[in-house]
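First comes the structure, then the notes that go with it.
Sequence positions, counted from 1, serve as the residue numbers for this chain.
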Amino acid sequence: MAVHLTPIAHSRVLRFVASTPGALGLRFGVTRTGCSGWGHITDLAKDQREGDTVFEQDGVRIYVDAQSLPLVDGTEIDYGKQGLSETFTFKNPNAAAECGCGESFTTDDMHR
């Protein structure tokens with residue numbers, strides 16, 4: 001499996017990387033947060049860290065740390081409007097449930 005971007009997300013990441021000196025690609029992972037346990041995080045990758053898995057899609061690199069990989073493998077990253085803001089959205093096949101506000105998710109194995 002892999003992490004992949006929809007065409008609109010791909011275009012947006014390309015623009016973010018091109019306009020940010022030193023950016024290598026997109027850093028994607030999870031952090032413990034919210035009422036369900038895990039929250040997706042995105043940022044521009046400025047370095048490759050030990051243990052990173054790097055996915056490449058049409059010239060865009062996506063950096064995922066080793067702890068996050070089992071929780072995000074297979075995720076489709078999209079970009080669009082939610083209310084008045086624009087943001088990345090995620091279709092994560094590892095998410096068993098999401099909290100009511102959509103900020104966090106849980107997996108079948110919360111002990112990862």
Side-chain angles (χ1 to χ4, degrees):
M1 293 186 89
V3 174
H4 64 279
L5 302 163
T6 64
I8 193 165
H10 182 273
S11 175
R12 187 56 111 177
V13 171
L14 271 178
R15 281 188 269 158
F16 285 149
V17 171
S19 66
T20 307
L24 302 175
L26 179 71
R27 179 161 297 283
F28 177 57
V30 296
T31 187
R32 287 239 182 229
T33 189
C35 49
S36 288
W38 298 105
H40 294 103
I41 53 173
T42 57
D43 198 358
L44 289 174
K46 301 263 181 155
D47 58 2
Q48 183 168 345
R49 300 174 187 161
E50 187 175 334
D52 279 351
T53 297
V54 182
F55 300 100
E56 187 157 347
Q57 180 182 333
D58 301 321
V60 171
R61 290 187 177 134
I62 305 165
Y63 296 79
V64 181
D65 66 90
Q67 181 182 2
S68 296
L69 185 58
L71 299 169
V72 299
D73 198 19
T75 298
E76 176 185 81
I77 302 172
D78 199 3
Y79 191 85
K81 289 188 176 191
Q82 287 187 334
L84 298 176
S85 63
E86 293 182 8
T87 188
F88 287 107
T89 58
F90 313 97
K91 291 182 186 169
N92 184 340
N94 305 293
E98 292 184 348
C99 67
C101 64
E103 292 295 317
S104 62
F105 67 96
T106 186
T107 63
D108 287 331
D109 179 12
M110 282 301 295
H111 301 292
R112 292 185 185 182

With a 4.5 Å limit on heavy-atom distance, are the side chains of Arg61 and Gln48 in contact? no

Would you compute the distance between atom CG of Leu5 and atom CZ of Phe88 and round it to the nearest 0.5 angstrom? 7.5 Å

For Val30, does its backbone N or O pair with a side-chain atom of Ser68 as donor and acceptor, under 3.5 Å? yes

side-chain hydrogen bond (donor to acceptor under 3.5 Å, both in side chains) between His40 and Asn92, worked out: CA-CA 10 Å; His40 294 103; Asn92 184 340; 3.1 Å; yes

May I ask you to decide if His10's main-chain N or O and Gln57's side chain share a donor-acceptor pair within less than 3.5 Å? no

Close side-chain approach of Glu76 and Phe90, heavy atoms under 4.5 Å: no

State whether the side chain of Asp65 and the backbone N or O of Asp52 hold a donor-acceptor pair below 3.5 Å, judged by distance alone. no

Leu24 reachable from Val54 in the ILVMFWY side-chain graph, under 4.5 Å edges: yes

Tightest non-hydrogen contact, residues Val17 and Gly25, listed as CG2-CA, 3.7 Å

Rounded to the nearest 0.5 Å, the OG1 atom of Thr87 sits from the OH atom of Tyr79 at a distance of 7.0 Å

With a 3.5 Å distance limit and no angle check, can you tell me whether Arg27 reaches the backbone of Asp47 through a side-chain donor-acceptor pair? yes

Ring centers of Phe28, Phe55 separated by less than 6.0 Å: no

Just checking Lys91: does its NZ atom have more than 12 heavy atoms from other residues, nucleotides or ligands closer to it than 6.0 angstrom? no

Non-hydrogen atoms of Asp73 and Ala2 that approach each other most closely: OD1-N, 3.3 Å

Nearest 0.5 angstrom please: Thr53 OG1 to Leu69 CG, how far? 4.5 Å

For a quick test of reading the model, state the closest non-hydrogen atom pair linking Thr6 to Asp78 and the distance between them. OG1-OD1, 2.6 Å

How close do Leu26 and Ile77 get, counting heavy atoms only, and between which atoms? CD2-CD1, 4.0 Å

Do any N or O atoms from the side chain of Ser19 and from the backbone of Phe16 form a donor-acceptor pair under 3.5 angstrom? yes

Checking side-chain contact (heavy atoms from CB on, under 4.5 Å) between Val13 and each of Ile8, Thr42, Val60, which is the one that passes? Val60

I'd like to check the side chain to side chain donor-acceptor pair (under 3.5 Å) partners of Glu50; sequence neighbours left out, ordered by chain and number. none

If you compare all heavy atoms of Gly74 against all heavy atoms of Pro93, which two are closest, and at what distance to 0.1 Å? O-CD, 3.4 Å

